[in-house]
Amino acid sequence: MICNQNDIPRDVHRYGLRPSAQTGCGWIATYNALKILGRTTDIDALIRYFEWQLPLIHGNFGTSFWAPQRCFEKWGFSNRLIFDRKRFDTEARAADACIVFYHWAKQGRAGAHFVAVKPTTEGFVGYNTFRNSAGPDSWGQSIDEFLRRNRYFGCVLLVIHGKQVKK
């Protein structure tokens, strides 16, 4: 699992023209969600796939909120985007893995972030949650409450079910 994207060396797994430490949270959340599901993938192939989704941008400004959902759909996983935060906890508890996308604003700066989240009997666990994460982070019993407490906004939840469905 990748728990802190800042630990990725600047010249390894670049995303577009930038280091993954700056803009790689989307591919990292997808990679971590696959690991939660017991699957693996080639990191550089995953990055190339995301770079090709937005021609001309190529990951230089991050990943679009719908890109991970498209990946899991293409790979045949049952999944769904949830926009209503009141449904996040119920939907996430029924999933095998999730990816949370949100916006943040702090000290005159703003941005967005993706985090892979695993539902457990003890609550939710996030991977690559903060810049200083040293391992998996407890999100407590409620994704919605975690997002509110941290004042994150514009949130979208991708719920993923582990069985691939045939198309």
Side-chain angles (χ1 to χ4, degrees), residues 1-83 88 91-104 111-120 124-139 143 152 154-167:
M1 300 295 276
I2 299 172
C3 290
N4 189 324
Q5 71 190 71
N6 290 331
D7 291 341
I8 299 172
R10 294 181 65 79
D11 58 340
V12 177
H13 304 309
R14 294 184 69 76
Y15 192 38
L17 300 174
R18 303 172 123 196
S20 285
Q22 290 178 325
T23 60
C25 61
W27 75 257
I28 292 167
T30 302
Y31 174 84
N32 284 340
L34 283 167
K35 299 271 288 188
I36 291 168
L37 296 167
R39 306 303 203 294
T40 58
T41 188
D42 176 79
I43 289 175
D44 293 320
L46 182 61
I47 290 170
R48 281 192 303 277
Y49 181 78
F50 276 121
E51 287 175 338
W52 294 331
Q53 279 193 350
L54 293 173
L56 304 174
I57 295 175
H58 300 297
N60 289 311
F61 298 105
T63 303
S64 61
F65 79 87
W66 67 84
Q69 187 273 334
R70 286 223 153 142
C71 284
F72 283 99
E73 184 176 84
K74 179 182 179 196
W75 298 329
F77 287 92
S78 172
N79 70 84
R80 186 166 73 258
L81 288 173
I82 310 295
F83 297 91
F88 279 16
E91 296 280 350
R93 282 188 191 98
D96 295 306
C98 303
I99 295 177
V100 178
F101 172 81
Y102 57 82
H103 291 88
W104 57 267
H113 193 55
F114 287 92
V115 178
V117 175
K118 178 181 178 179
T120 70
F124 297 100
V125 176
Y127 299 90
N128 191 37
T129 303
F130 304 110
R131 289 192 176 272
N132 61 353
S133 291
D137 297 298
S138 173
W139 280 38
I143 292 174
Y152 298 145
C155 307
V156 178
L157 175 71
L158 170 61
V159 295
I160 309 155
H161 300 281
K163 290 195 176 207
Q164 290 176 296
V165 293
K166 293 184 179 182
K167 291 191 174 196

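Below, all heavy atoms of this structure are taken into account, side chains as well, without hydrogens, waters or symmetry copies. These numbers come from a predicted model, not from an experiment.
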Distance check, rounded to the nearest 0.5 Å: [X] atom [atom1] versus [Y] atom [atom2]?
X: I2; Y: I43; atom1: CD1; atom2: CD1; answer: 4.5 Å
X: F77; Y: H161; atom1: CZ; atom2: NE2; answer: 12.0 Å
X: F114; Y: I28; atom1: CZ; atom2: CD1; answer: 11.5 Å
X: L158; Y: R80; atom1: CG; atom2: CZ; answer: 10.0 Å
X: R39; Y: F72; atom1: CZ; atom2: CZ; answer: 9.5 Å
X: F50; Y: T30; atom1: CZ; atom2: OG1; answer: 3.5 Å

Do side-chain atoms of [X] reach the backbone of [Y] as a donor and acceptor pair under 3.5 angstrom?
X: N4; Y: R131; answer: yes
X: N128; Y: Q5; answer: yes
X: N32; Y: M1; answer: no

If you take all heavy atoms of [X] and [Y], which pair is closest and at what distance?
X: E91; Y: V159; answer: O-CG1, 3.7 Å
X: W104; Y: A112; answer: NE1-N, 3.4 Å
X: D96; Y: G162; answer: OD2-N, 2.5 Å
X: F88; Y: I143; answer: CD2-CG2, 4.0 Å
X: A116; Y: A29; answer: CB-O, 3.5 Å
X: A97; Y: A33; answer: CB-O, 4.0 Å

| message | If you apply the rule side chain to side chain contact (heavy atoms under 4.5 Å, CB included), what do you find for V115 with W139, and how did you get there? | response | CA-CA 11 Å; V115 178; W139 280 38; 3.6 Å; yes
| said: side chain to side chain contact (heavy atoms under 4.5 Å, CB included), that's the test. Do K35 and Y127 meet it? Break it down for me. | reply: CA-CA 11 Å; K35 299 271 288 188; Y127 299 90; over 6 Å; no
| message | Quick one, C98 with F124, criterion side chain to side chain contact (heavy atoms under 4.5 Å, CB included). Give me CA distance, side-chain angles, the key distance, then yes/no. | response | CA-CA 10 Å; C98 303; F124 297 100; 5.8 Å; no
| Is L34 close to W75 at the side-chain level, that is, under 4.5 Å between some pair of heavy atoms? | yes
| message | Angle between ring planes, F65 versus F101, binned at 30° and 60°: parallel, tilted or perpendicular? | response | tilted
